[in-house]
Number of protein chains: 2
Amino acid sequence: MAQQKTRIQRREALISATRKVARESGLAGTSVRAVAAEAAVSVGSVLYYFPNFDELMFATVEGVMEEFYERRRAISDAHTDPRARLAALIVAGVPDEISSDLRMAYESIPLLRQQPQYKPLHRSVVERQVMLYRSAIEIGVALGDFHPTTGIDVIARNIVALEDAYDMYPLIGFDLPAAGYRRNIASYVQTALACELPPLEALEQPAGGAAG
Amino acid sequence: MAQQKTRIQRREALISATRKVARESGLAGTSVRAVAAEAAVSVGSVLYYFPNFDELMFATVEGVMEEFYERRRAISDAHTDPRARLAALIVAGVPDEISSDLRMAYESIPLLRQQPQYKPLHRSVVERQVMLYRSAIEIGVALGDFHPTTGIDVIARNIVALEDAYDMYPLIGFDLPAAGYRRNIASYVQTALACELPPLEALEQPAGGAAG
DNA sequence: TGCGTATTTGAACGACTGTTCAAATTGTAG
DNA sequence: CTACAATTTGAACAGTCGTTCAAATACGCA
């Protein structure tokens with residue numbers, strides 16, 4: 001039974017090494033040999049713990065995306081007030097620097113041609129994000145904070161779509177400040193929900209940075 | 001001088017072949033040999049007209065994206081009424097079937113790591129699309145059709161962002177009907193501009209399909 | 001200690017990649 | 001028709017990739 005434990009640990013070490021390589025070299029630059037070097041093992045060992053390299057890649061992307069969603073959910077849970085929750089989700093959802101999670105998600109798009117098993121991963125994360133926003137909006141409606149001008153499904157999905165696009169822009173060379181994107185989304189939310197969101201500035205820049 | 005003409009024609013034939021291969025096999029599956037086979041020439045001929053394969057790929061993606069924008073601009077020009085123009089842009093901007101242009105755009109994201117020259121391409125197309133919407137909104141404001149609830153830059157950029165995200169979703173396995181996405185965007189536009197858009201149905205399904 | 005299994009190694013394989021280039025072919029001007 | 005240049009060819013090269021597997025090593029138990 002002890003061997004089962006080390007086997008899982010070995011797999012996780014390899015996934016961790018794959019993450020690092022993918023973060024630094026991109027999914028396209030992630031090879032068996034690069035992972036083996038990063039994990040300080042031989043190529044044979046990598047393929048000893050995974051039936052093939054594709055499964056290691058998939059396990060890696062899967063883990064990254066699940067953790068991404070978990071982080072989103074934790075942010076949602078940390079705020080009970082629906083307006084604060086929306087603001088926090090938006091601020092964390094469009095970071096100043098593109099997160100490696102999102103970069104990996106976008107880099108995996110070309111893989112979907114030959115590797116359809118990635119599709120449920122992406123789909124699931126998007127859908128669950130929509131549900132996070134749906135919940136927040138529903139609470140706000142119940143409390144009388146929000147007065148949706150249209151279906152809350154539409155609003156929730158539009159918010160996630162805005163986030164997805166604005167997260168992608170830095171990848172394609174845009175160097176506009178993410179704070180502007182966040183305000184664009186907040187602008188939409190306030191219009192669609194006929195509400196006032198708390199100022200995003202308080203949530204941005206966890207360390208210092210207030211205007212003098 | 002005649003040789004200059006055929007040289008350009010040869011290059012265009014190779015770009016055309018590259019497009020077809022990329023459409024059918026994806027950017028990742030586009031190789032010198034695949035292009036050569038598609039163009040019915042030898043690998044040596046391909047590299048005779050381009051200093052290297054990267055330049056052929058870049059010229060191909062560049063052409064596809066420029067044509068994509070030109071099609072957008074033509075749609076914009078075809079409608080003088082700002083409300084009709086917005087509706088037409090939205091309908092054409094979120095097609096039922098993912099267009100090969102957009103697929104190629106998203107598939108090129110991973111290339112940006114090693115090939116930064118692609119970045120201005122993407123950036124430029126997005127910016128010009130924002131300007132198309134900006135113009136339409138400005139006209140509508142001047143005519144008294146639109147009453148923006150916030151800056152028109154914000155609205156125009158949000159519309160393009162929504163389109164970009166909703167265009168990407170089919171690539172990652174979503175099979176929700178694009179008509180729903182279009183209505184989501186129209187819903188946002190109507191709220192943000194305090195206006196009524198013409199029904200999208202009339203612009204959808206150029207051939208038949210009206211409800212009985 | 002010794003046996004047997006689990007693990008690790010890395011060379012080798014075949015299939016691919018972009019690129020090169022001598023040789024063959026084609027086209028054209030004199 | 002000749003001669004020269006432009007073009008085309010495809011084998012060959014050096015590199016990468018994922019995968020295999022015999023051999024070597026490490027480990028746990030009697």
Side-chain angles (χ1 to χ4, degrees), chain A residues 1-22 24-61 107-108 110-118, chain B residues 1-19 21-22 24-61 107-108 110-111 113-118:
Chain A
M1 292 308 112
Q3 58 207 28
Q4 281 295 343
K5 187 179 175 187
T6 58
R7 179 167 189 88
I8 291 174
Q9 286 172 342
R10 284 292 198 200
R11 281 176 59 102
E12 280 174 358
L14 289 171
I15 290 173
S16 174
T18 307
R19 273 195 202 209
K20 187 171 180 194
V21 174
E24 292 170 358
S25 311
L27 279 186
T30 306
S31 64
V32 180
R33 286 168 180 81
V35 170
E38 177 61 41
V41 297
S42 67
V43 288
S45 277
V46 176
L47 274 304
Y48 180 76
Y49 289 100
F50 290 89
N52 53 55
F53 187 62
D54 284 340
E55 296 225 15
L56 171 54
M57 286 284 274
F58 181 77
T60 303
V61 176
E107 285 185 348
S108 67
L111 302 182
L112 300 176
R113 252 185 206 265
Q114 307 287 341
Q115 317 268 352
Q117 68 267 29
Y118 283 83
Chain B
M1 290 306 113
Q3 59 207 28
Q4 281 293 342
K5 188 178 174 187
T6 57
R7 179 167 187 89
I8 291 174
Q9 287 173 341
R10 284 292 199 200
R11 282 177 58 103
E12 281 173 357
L14 289 171
I15 290 173
S16 174
T18 308
R19 272 196 204 207
V21 173
E24 292 170 358
S25 311
L27 278 186
T30 306
S31 63
V32 181
R33 284 167 182 82
V35 171
E38 177 61 41
V41 296
S42 67
V43 288
S45 277
V46 175
L47 273 304
Y48 180 75
Y49 288 100
F50 290 89
N52 54 57
F53 188 62
D54 285 340
E55 296 226 13
L56 171 53
M57 286 285 275
F58 181 77
T60 303
V61 175
E107 284 185 349
S108 67
L111 303 181
R113 254 184 204 265
Q114 307 287 341
Q115 316 268 354
Q117 67 267 30
Y118 283 83

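In what follows, every chain begins at residue 1, and chains take the letters A, B, ... in the order their sequences are listed.
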Sugar-phosphate only, base, or nothing, as touched by A/Asn52 at under 4.0 Å among non-hydrogen atoms: sugar-phosphate
Below 4.0 Å: OP1/OP2 of C/dT17 and any side-chain N or O of B/Ser31: yes
Short side-chain N/O contact to C/dT8 OP1/OP2 from A/Tyr49, under 4.0 Å: yes
Heavy atoms from other residues, nucleotides or ligands near CD of A/Glu24 exceed 12 (cutoff 6.0 Å): yes
Touch class at under 4.0 angstrom, heavy-atom based, for B/Phe53 against every strand present: sugar-phosphate
Sugar-phosphate, base or nothing in reach of B/Ser45, heavy atoms under 4.0 Å: base
Touch class at under 4.0 angstrom, heavy-atom based, for A/Val43 against every strand present: base
Residue-phosphate contact under 4.0 Å: B/Arg10 side-chain N/O, D/dT8 OP1/OP2: yes
Candidate nucleotides D/dT8, D/dG18, C/dT9, ranked by approach to the side chain of A/Ser42 - the nearest: C/dT9
Length of the CZ-C1' vector between A/Phe50 and C/dT7, whole Å: 16 Å
Test item: B/Glu38 side-chain N/O and B/Val21 main-chain N/O as donor-acceptor pair under 3.5 Å: no
Euclidean distance, atom CZ of residue A/Phe58 to atom P of D/dG18 [Å, nearest integer]: 18 Å
Backbone N/O of A/Val43 and side chain of A/Arg33: donor-acceptor pair under 3.5 Å: no
A/Glu55 CD - D/dG18 P separation (whole Å): 15 Å
Distance in angstrom units between B/Arg33 CZ and D/dT8 P, rounded: 18 Å
Nearest-Å distance for atom pair CD/P, residues B/Gln114 and C/dG18: 15 Å
Flag if over 12 foreign heavy atoms under 6.0 Å of CD, B/Gln117: yes
Distance in angstrom units between A/Leu14 CG and C/dT9 P, rounded: 11 Å
Between CZ on residue B/Arg10 and OG on residue B/Ser45, distance to nearest 0.5 Å: 7.0 Å
side-chain N/O B/Tyr48 vs D/dT8 OP1/OP2, d < 4.0 Å: no
Between D/dG18 (C1') and A/Leu47 (CG): distance, integer Å: 7 Å
